[in-house]
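A note on names: the letters A, B, ... follow the listed sequences, proteins ahead of strands, and every chain is numbered from 1.
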4 protein chains.
Amino acid sequence: MTDQPADPSRAWWRTAIIDIAPGQIGVRGYPIEQLIGSISFPAMIWLLLRGELPSPAQAALLEAALVASVDHGPQAPSIAIARMSVTCGLPLNNAVASGVNSLGDVHGGAGQQCMEMYEAIAAACGERSLGEETDRGASLEEAVRDEVERASRRPNRLIPGFGHRFHPVDPRAVRLLAMVDQAARDGVVAGRFARIGRAVEAELERRKGRRIPMNIDGVTAVVFCELGFPPPLGRGLFVLSRAAGILAHAWEQSQQGERIKGPVPPEAGYTYTGVPRRDLPGQV
Amino acid sequence: MTDQPADPSRAWWRTAIIDIAPGQIGVRGYPIEQLIGSISFPAMIWLLLRGELPSPAQAALLEAALVASVDHGPQAPSIAIARMSVTCGLPLNNAVASGVNSLGDVHGGAGQQCMEMYEAIAAACGERSLGEETDRGASLEEAVRDEVERASRRPNRLIPGFGHRFHPVDPRAVRLLAMVDQAARDGVVAGRFARIGRAVEAELERRKGRRIPMNIDGVTAVVFCELGFPPPLGRGLFVLSRAAGILAHAWEQSQQGERIKGPVPPEAGYTYTGVPRRDLPGQV
Amino acid sequence: MTDQPADPSRAWWRTAIIDIAPGQIGVRGYPIEQLIGSISFPAMIWLLLRGELPSPAQAALLEAALVASVDHGPQAPSIAIARMSVTCGLPLNNAVASGVNSLGDVHGGAGQQCMEMYEAIAAACGERSLGEETDRGASLEEAVRDEVERASRRPNRLIPGFGHRFHPVDPRAVRLLAMVDQAARDGVVAGRFARIGRAVEAELERRKGRRIPMNIDGVTAVVFCELGFPPPLGRGLFVLSRAAGILAHAWEQSQQGERIKGPVPPEAGYTYTGVPRRDLPGQV
Amino acid sequence: MTDQPADPSRAWWRTAIIDIAPGQIGVRGYPIEQLIGSISFPAMIWLLLRGELPSPAQAALLEAALVASVDHGPQAPSIAIARMSVTCGLPLNNAVASGVNSLGDVHGGAGQQCMEMYEAIAAACGERSLGEETDRGASLEEAVRDEVERASRRPNRLIPGFGHRFHPVDPRAVRLLAMVDQAARDGVVAGRFARIGRAVEAELERRKGRRIPMNIDGVTAVVFCELGFPPPLGRGLFVLSRAAGILAHAWEQSQQGERIKGPVPPEAGYTYTGVPRRDLPGQV
């Protein structure tokens with residue numbers, strides 16, 4: 001299918017990802033049979049999204065981020081939605097779909113927004129975010145202060161990627177950040193975004209008088225920025241990771257056998273806040 | 001469930017829409033058995049969303065808008081997605097879900113954006129948009145010019161609700177706008193947004209040198225604004241309307257019996273724009 | 001587009017529902033501008049699905065069923081899923097999609113299964129289900145007994161369309177069944193499926209020693225069978241009805257402002273039933 | 001959260017997958033910070049689904065299957081649906097959701113059905129499917145013949161997992177089957193299902209007089225059965241794999257910038273097969 005399209009309708013669908021001919025499947029040019037058994041699943045994800053293979057060290061860092069985000073329990077709406085869907089009779093593909101669907105601007109999009117913030121800071125202070133001495137651009141502290149100020153003026157006043165209503169410190173963030181530091185020491189990544197992320201954390205502590213630690217969105221944003229992914233793919237990669245946890249919970253729920261399971265037990269009920277009972281005009 | 005919740009978990013879910021007790025279902029206070037057979041489906045939609053019943057004339061105008069938007073053929077992605085989903089084995093609920101899911105910012109959201117534009121114009125020129133003589137606020141022409149200028153600076157430079165790549169004039173828009181005019185003459189609605197919509201159309205013609213007529217999004221935005229719906233419900237009501245067409249196409253497709261039907265015939269294929277075949281390093 | 005396709009790819013997508021040409025939209029042959037303002041939304045749904053317009057009395061019965069099923073509160077997974085989705089940042093179209101997606105075999109499919117059971121009974125006893133004297137086919141009682149016996153051997157042993165874990169008597173069922181009876185007296189429908197539904201109810205009471213009353217699925221199945229809809233459209237029509245309630249709850253939730261709302265309050269938590277904490281081999 | 005629930009509502013949600021406390025996240029008992037950077041993403045998927053870690057060789061076989069199924073081009077409905085959704089304005093999470101949603105009984109479910117067929121064959125011939133000499137059970141050939149006969153009586157007469165309308169031989173199947181053979185020689189798997197899969201292929205050739213080769217569903221079914229996954233997880237694992245390809249195509253489409261892209265070019269159109277234009281009674 002590399003030839004010129006004879007039929008103009010052929011040009012309606014076009015892709016640089018995959019090239020298929022009878023008996024042949026090429027992914028970014030590589031024959032699929034050479035990729036199977038040779039590259040890891042995270043390396044395949046990278047190849048699909050970026051067009052070239054990652055180095056083993058890059059793939060390992062991506063893999064760590066994918067491992068970290070798989071699940072946060074049935075209290076997470078993404079998980080609860082999938083579990084409830086299964087009790088309504090949905091097979092796994094549909095249950096995973098509804099779970100993944102919920103990873104919107106607030107949930108899955110927080111990582112994307114955090115990446116945008118980090119990149120705005122990096123753009124503002126240029127080489128200085130790499131720790132280099134230069135006269136150009138804002139200092140890291142200034143750039144962080146400006147961006148945090150800007151973010152804090154958003155309607156919900158939350159800084160994406162920082163703070164957690166449950167974990168005082170998120171063990172995933174600590175571990176992943178240590179891996180980024182090691183990768184920076186090994187020359188795998190530049191370490192710029194780890195520096196930026198920590199500077200945001202420091203600025204938040206300065207403003208609030210208490211620590212607002214980097215959460216899983218904030219640290220995976222560091223990883224994905226270091227690896228050169230554009231912000232929308234922060235959300236996309238989170239989708240792939242969380243899909244694994246959603247699948248596991250959907251499967252577990254399917255083994256528990258409940259039917260049409262609501263969010264709370266029937267006896268717990270809910271609060272009705274509307275008008276009292278009344279008759280329809282003309283009915284009584 | 002109107003009592004105070006004994007259990008704090010009961011307050012976790014709260015609604016003013018529906019009140020349920022054994023043997024009793026109240027929708028916005030009305031016993032469901034009084035509503036069934038007494039009110040129309042559009043009136044029920046209004047009651048659910050707004051809390052009170054519409055007048056018959058208001059319900060009729062909403063009903064006309066719901067009737068108008070049901071379908072635009074299998075070329076519409078929302079319809080094609082549902083039809084393809086059916087050929088992958090999905091039952092109707094899942095196929096409708098994927099179709100409805102696609103009614104995003106560009107597709108279903110255009111009506112919402114158009115309502116926001118109309119409301120910004122109405123806010124800028126106040127009573128003048130009602131045709132009243134007053135010294136307060138901008139003139140309708142000024143307000144429209146400013147908002148169209150603002151909208152035209154958006155990345156895609158499209159004015160939501162105006163222009164159609166297929167219909168020189170959209171027969172749905174002509175008919176619905178005539179109904180709004182009649183409703184304004186009858187005192188059912190104020191007619192402010194019909195006036196605003198036409199002024200936007202005139203301004204676009206002035207700017208472009210040719211007519212960019214109001215499309216289905218632009219005219220249902222007039223209807224929904226006249227009836228007092230907030231902009232996000234413009235998208236919501238479009239979802240309910242288009243769901244009917246999506247269902248019909250999903251059902252028709254299920255009777256045609258194809259399996260895993262792609263967007264184009266297999267022989268039409270697609271254009272591959274990526275790198276040529278290459279070997280994986282270390283594989284050859 | 002009524003001409004023969006010049007291009008074979010044109011035959012890839014084909015529909016008898018809608019015919020579009022520049023400035024023209026025909027739904028089942030009728031110009032859309034003639035339908036808008038003339039027919040009700042339920043009549044449009046009927047036209048889309050069936051190809052011809054219903055009589056006003058048929059449309060009224062369909063409308064009553066659509067009004068009846070819109071909502072059953074935030075305890076219903078379909079509603080809770082949409083509400084939780086909104087708190088994750090989803091706009092209304094995506095929230096409605098995930099809610100509708102959940103109306104699977106167990107939830108939205110119960111009506112479909114009930115219609116299949118009714119139709120099997122009707123097929124087994126032929127004209128007798130219309131109350132006619134004939135020698136052909138099984139008696140209504142025999143046919144019902146056989147089908148209920150068959151249904152009760154299903155894995156979950158539930159008879160679709162009968163019994164409710166919350167309502168001793170479902171007020172929607174009482175009202176809708178009375179409407180079917182009236183329609184039968186008026187010659188709008190034959191009344192066959194109301195008779196069959198009641199016979200199933202009687203058989204269940206005989207078997208269980210207590211009343212297992214017809215629920216909303218069982219009674220809408222009566223309505224849809226009387227009106228001649230095939231069983232899969234029982235699920236489809238329920239989707240359209242419930243979509244209205246899902247939309248209303250999604251909208252209400254969007255006004256309540258919570259973020260990433262789980263099914264239960266965070267302090268309520270959940271039960272962990274797995275293995276105790278353990279170290280990863282090679283990690284300690 | 002391992003304690004007994006003080007509040008009965010806590011028992012409403014229960015899971016053996018994940019245990020969360022402030023500052024602590026345990027997946028199947030393992031602290032998340034020990035898993036991150038230590039286990040591969042496929043090993044995490046296995047742990048989530050199965051409760052214990054795979055051996056490296058088991059993880060490698062699972063990984064190969066996940067790599068193999070990521071994509072089959074924009075002609076696949078799952079991919080086209082996601083791409084069209086993006087052109088309607090959907091962010092990546094919603095586009096992936098609709099793509100994954102389409103992996104239903106016909107598409108994603110074929111692998112599940114193939115696993116069920118393989119398992120039925122294994123159950124029928126017992127140890128003989130392992131190549132052992134025994135008097136118990138049917139011979140492999142008999143068991144295969146019976147199951148293929150049963151499958152061929154299904155409405156669509158297709159044997160799940162065999163045959164491809166495009167590839168005479170699927171390069172993914174050849175490679176994966178070779179990997180299973182190697183794993184069997186290495187004692188990682190028993191090789192029973194590779195033997196069964198090949199026997200099905202041979203039986204199909206005998207029946208049809210031509211080769212109906214194992215496709216990607218048939219070979220991943222071999223892999224998943226060898227690794228001990230239950231059939232529904234065949235569909236689930238395919239969902240995780242294909243989600244990667246869907247994401248890549250959704251992302252690529254978002255860079256191409258089209259709006260509301262239908263399945264075929266507008267000029268290609270579609271065939272209308274319905275009634276000719278007609279007037280609504282009472283309208284003319």
Worksheet item: If only atom types and distance count, is the side chain of Glu252(C) paired as donor or acceptor with the main-chain N or O of Arg83(C) below 3.5 Å?
Response: no

Response to the item:
Expected contact set for residues 237-251 of chain C against chain D at heavy-atom separation under 4.5 Å reads none

Practice prompt. Report yes or no: is the cationic atom of Arg278(C) (NZ for Lys, CZ for Arg) under 6.0 Å from the centre of the six-membered ring of Tyr30(D), at an angle within 45° of the ring normal?
Written response: yes

Worksheet item: Is a donor on one side and an acceptor on the other found under 3.5 Å between the side chain of Gln58(D) and the backbone of Ser55(D)?
Response: yes

Discussion item. Whether Arg14(C) engages the ring of Tyr272(D) as a cation-pi pair (distance to the six-membered ring centre under 6.0 angstrom, angle to the ring normal within 45°) should be assessed.
Written reply: no

Worksheet item: Taking the inter-plane angle between the rings of Phe166(C) and His164(C) on a 0 to 90° scale, is it parallel (under 30°), tilted (30 to 60°) or perpendicular (over 60°)?
Response: perpendicular

Worksheet entry | N/O donor-acceptor pair under 3.5 Å between Asn215(C) side chain and Gly163(C) backbone | yes

Worksheet item: With respect to chain C, which residue among Leu90(D), Ile18(D), Asn93(D), Leu53(D) yields the maximal number of heavy-atom pairs within a distance under 4.5 Å?
Response: Ile18(D)

Practice prompt. Answer with side chain, backbone, both or neither: which region of Ile39(D) has an atom nearer than 4.5 Å to a non-hydrogen atom of chain C?
Written response: side chain

Worksheet item: Counting only N and O atoms by type, is there a donor-acceptor contact under 3.5 Å from the side chain of Gln34(C) to the main-chain atoms of Gly282(D)?
Response: no

